[in-house]
Amino acid sequence: MTNEVSILALYGILVLLTLAIQSAATAGQFGIPYILSARDEARQAKGFAGRLLRTVDNSMVALVLFTAAVVVVRLGEASSPNTVAASQAFLASRTLYVVAYPAGVPYLRSTVWTVGFLSTAFLFGQAI
């Protein structure tokens, strides 16, 4: 397994943990009976739980794009110290993102999102 693939696995674990925390926060806001129901009555998570939901949504998009980038780097045999560094920057930035967004830190959130986005774009560029 290449370093980029290992980093992808670590990011997958981070997304799973974020989803678990988000689920717990939503259960705390709406109550267990609602969470276990068919949820025919839609409810909008607010505050911390709402920010966690948006964090998970954004993390899933980032996961899809980063996975594609790692796959094309791997299949294109384009792995290098630069692609490993970009993958590490992606993981570090996304780790900060899942802390900054729920905590409501706007400038840090946007900055680390941009680092993750540019890291992913760099991987695609290296694979072409």
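These numbers come from a predicted model, not from an experiment.
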Which distance, rounded to the nearest 0.5 Å, do you find between the [atom1] of [X] and the [atom2] of [Y]?
X	Y	atom1	atom2	answer
Leu8	Ser87	CG	OG	8.5 Å
Arg43	Thr26	CZ	OG1	11.5 Å
Glu4	Ser79	CD	OG	3.5 Å

Open item on the list: Would Gln22 and Thr55 count as a side chain to side chain donor-acceptor pair (under 3.5 Å) here? Give the steps.
Closed with: CA-CA 9 Å; Gln22 181 270 322; Thr55 301; over 6 Å; no
TODO: Evaluate side chain to side chain contact (heavy atoms under 4.5 Å, CB included) for Thr95 paired with Leu14, printing each intermediate quantity in order.
DONE: CA-CA 7 Å; Thr95 301; Leu14 177 64; 3.6 Å; yes
Open item on the list: Measuring only between side-chain heavy atoms, which start at C-beta, is Val98 closer than 4.5 Å to Ser59?
Closed with: yes
Show me the donor-acceptor pairs, under 3.5 Å and distance only, between side chains in residues 113-128 and residues at least two apart or in other chains.
unit_1: Thr114; atom_1: OG1; unit_2: Ser110; atom_2: O; d: 2.9
unit_1: Ser119; atom_1: OG; unit_2: Val115; atom_2: O; d: 2.8
unit_1: Thr120; atom_1: OG1; unit_2: Gly116; atom_2: O; d: 3.0

ILVMFWY cluster, [X] and [Y] together (side-chain gap under 4.5 Å):
X	Y	result
Val5	Val73	yes
Leu91	Ile21	no
Phe66	Val71	no
Val112	Val105	yes
Met60	Phe90	yes

Task: Taking every non-hydrogen atom, the tightest pair across Thr67 and Leu63 - done: OG1-O, 2.6 Å
TODO: Please determine, by modelled atom types, if Arg94 and Asn58 share a side-chain donor-acceptor pair under 3.5 angstrom.
DONE: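 Yes, a side-chain donor-acceptor pair sits under 3.5 Å.
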When the side chains of residues 45-54 are checked against the rest of the protein, which donor-acceptor pairs come out under 3.5 Å, sequence neighbours left out?
unit_1: Arg51; atom_1: NE; unit_2: Pro102; atom_2: O; d: 2.8
unit_1: Arg51; atom_1: NH2; unit_2: Pro102; atom_2: O; d: 3.0
unit_1: Arg54; atom_1: NE; unit_2: Tyr101; atom_2: OH; d: 2.9
unit_1: Arg54; atom_1: NH1; unit_2: Gly50; atom_2: O; d: 3.2

